[in-house]
2 protein chains.
Amino acid sequence: MTAETAQLSKSQLAFRVVHDRIVDGTYPPGQRLVLDAIGTELGMSVVPVREAIRRLEAEGLVTFERNVGARVAEIDEHEYWDTMETLSYVEGAAAHVAAPYVTAAAVARARELNAQLRGMLDDLDPVAFTRTNELLHRTLTDPCPNAHLRDLVDRGWRRLARLRASTFSFVPARAAESVDEHDRILDLVEAGADALEIELAVRAHRLATPNAYLRRAPQDGAAHRQEHR
Amino acid sequence: MTAETAQLSKSQLAFRVVHDRIVDGTYPPGQRLVLDAIGTELGMSVVPVREAIRRLEAEGLVTFERNVGARVAEIDEHEYWDTMETLSYVEGAAAHVAAPYVTAAAVARARELNAQLRGMLDDLDPVAFTRTNELLHRTLTDPCPNAHLRDLVDRGWRRLARLRASTFSFVPARAAESVDEHDRILDLVEAGADALEIELAVRAHRLATPNAYLRRAPQDGAAHRQEHR
DNA sequence: CATGCGGGCATCGTATACGATCCGTCGCGG
DNA sequence: CCGCGACGGATCGTATACGATGCCCGCATG
């Protein structure tokens, strides 16, 4: 393990550490990220930290202001919605392209994962549920031969990372619906349905979660959408 | 102007310079980018250059190998196809979301731009044509209220930047078809067509260009797609 | 007591310096 | 003549250092 981390450059190490801390909530939104302090803590100079922070900025996890510093990006409702909406399109696209390449074995694995999810419904552990959920989703997009598109899916997941843990906490009811939708999507894939049909199913599946969340707010999804920015 | 550039950090300056040089072909694909040399030329140290290169890496314009260095990313057929395909989905998505927000004035402006394009068909200047073409496309995606999605569209355009100049050189016939397709898309928008319908039209419009290019190759688009990676 | 100004502190931005790594080349031995 | 290993140059990775910038707090003044 040490040998493994050794061939990781320090800036990559810093990236991982800070990324993980943002994701797991150690660094809450709005937290200032002082380069020097982080560097000292990780036993390195500011230079690698700086590079790590800029990469995190490119991924939207931190905001950066010249001569002022970096802080963990705030997660307002807008950003949550925007990220989910974007991922719904991108993930759908990846599923579309991947559809012809999804093997029967992959579908079988996805079914198995979904069975696990169903088993977890009784007493819901949002974190574990979300992790397995991601594995299932990736089963459908990993076969996508378009590396660029897969990369966008990855970025979307990473952006959501620090929200995901709480997503199913917000709307527990979604978990059950979600499992059923997974099965319907897998039915489509198995039946060799039109790729566009699969795409739209995946898209709708993802959008259902933020919509369910917004349904609990005063205004419904559409109204929210209108006022939004 | 000097005042303007003055408040640009050196790393941002380096980013622009190198970016532009890659786009305009001064740095051809495969060209090595030596940090020290660039820094010296721009009158700065390697540190800002390094940061600029990493940003370019994040955008896919350069590849970076640890302890070896950076070079301008090669543009193989795969990457061209992947980028175009990805942009087709992302741009379609942005158009979908933007549809309700596209004003009559915006459509009018798009019509005007398309008229300009039509006028340019006689003797085709690929660079000018492509620039106006981008303006038209942006008319349809800029009203998209999802900033994240708009950002993905931007990234896609930037990735294509160094290809765009030559796109219509490759397949001059596409220019004429393209103008007609623009009008049909604008018809849909004007008629208040279903957003999904608009999305699919935009998607098909973009995919038509690489397909037209591939049609000139031995294998057709579908066959190419199959073998691809 | 409120408000504007100035100084000091925290932090960033960049330069310079040095060790680490890789690649090509030269020389030696088979 | 060919292969293999050691040396050297080129370039990257990071540390340290210092100037630049913005922010906060206290003081003076109306």
Side-chain angles (χ1 to χ4, degrees), chain A residues 1-19 21-22 26-74, chain B residues 1-19 21-22 26-74:
Chain A
M1 186 198 92
T2 306
E4 223 175 80
T5 49
Q7 65 201 32
L8 225 62
S9 77
K10 296 203 175 184
S11 66
Q12 291 173 299
L13 177 72
F15 176 83
R16 287 217 175 183
V17 171
V18 177
H19 173 271
R21 287 187 182 173
I22 293 175
T26 307
Y27 292 153
Q31 166 84 269
R32 277 203 69 184
L33 300 173
V34 179
L35 303 189
D36 198 29
I38 296 173
T40 302
E41 185 199 333
L42 298 182
M44 64 181 74
S45 157
V46 298
V47 183
V49 178
R50 182 182 168 82
E51 191 171 306
I53 296 291
R54 297 315 275 257
R55 280 186 57 198
L56 289 165
E57 184 194 8
E59 299 217 341
L61 282 179
V62 313
T63 59
F64 201 91
E65 212 175 338
R66 179 178 161 90
N67 283 323
V68 174
R71 53 182 63 241
V72 179
E74 302 281 351
Chain B
M1 185 201 92
T2 306
E4 220 176 83
T5 50
Q7 65 200 35
L8 225 64
S9 77
K10 297 205 175 185
S11 65
Q12 290 173 301
L13 178 72
F15 176 83
R16 286 216 177 184
V17 170
V18 177
H19 173 271
R21 287 187 183 174
I22 293 175
T26 306
Y27 293 153
Q31 167 82 269
R32 278 204 67 185
L33 300 173
V34 179
L35 304 189
D36 198 29
I38 296 173
T40 303
E41 186 201 333
L42 298 181
M44 64 181 73
S45 158
V46 298
V47 184
V49 178
R50 182 184 169 81
E51 192 172 305
I53 296 291
R54 298 314 275 259
R55 280 186 56 198
L56 289 166
E57 185 195 6
E59 299 218 342
L61 282 179
V62 313
T63 59
F64 201 91
E65 212 175 337
R66 178 176 162 92
N67 284 322
V68 174
R71 52 182 65 240
V72 178
E74 302 282 349

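Values below: every heavy atom of this structure, side chains too, minus hydrogens, waters and symmetry copies. Letters A, B, ... mirror the listed sequences (proteins, then strands); counts begin at 1.
Side-chain contact between B:Leu35 and B:Ile53: present, with at least one pair of heavy atoms (C-beta onward) separated by less than 4.5 Å. The shortest distance between side-chain heavy atoms of A:His19 and A:Arg55 does not fall below 4.5 Å. Side-chain contact between A:Val18 and A:Ile38: present, with at least one pair of heavy atoms (C-beta onward) separated by less than 4.5 Å.
Salt bridge annotation for A:Glu57-A:Arg54: present, with a cationic side-chain nitrogen under 4.0 angstrom from a carboxylate oxygen.
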- What does nucleotides 12-20 of chain C look like as a protein-contact string, B for base, S for sugar-phosphate only, - for none, at under 4.0 angstrom between heavy atoms? SSSBB----
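B:Glu41 meets the side-chain hydrogen bond (donor to acceptor under 3.5 Å, both in side chains) test with B:Arg21; sequence neighbours excluded.
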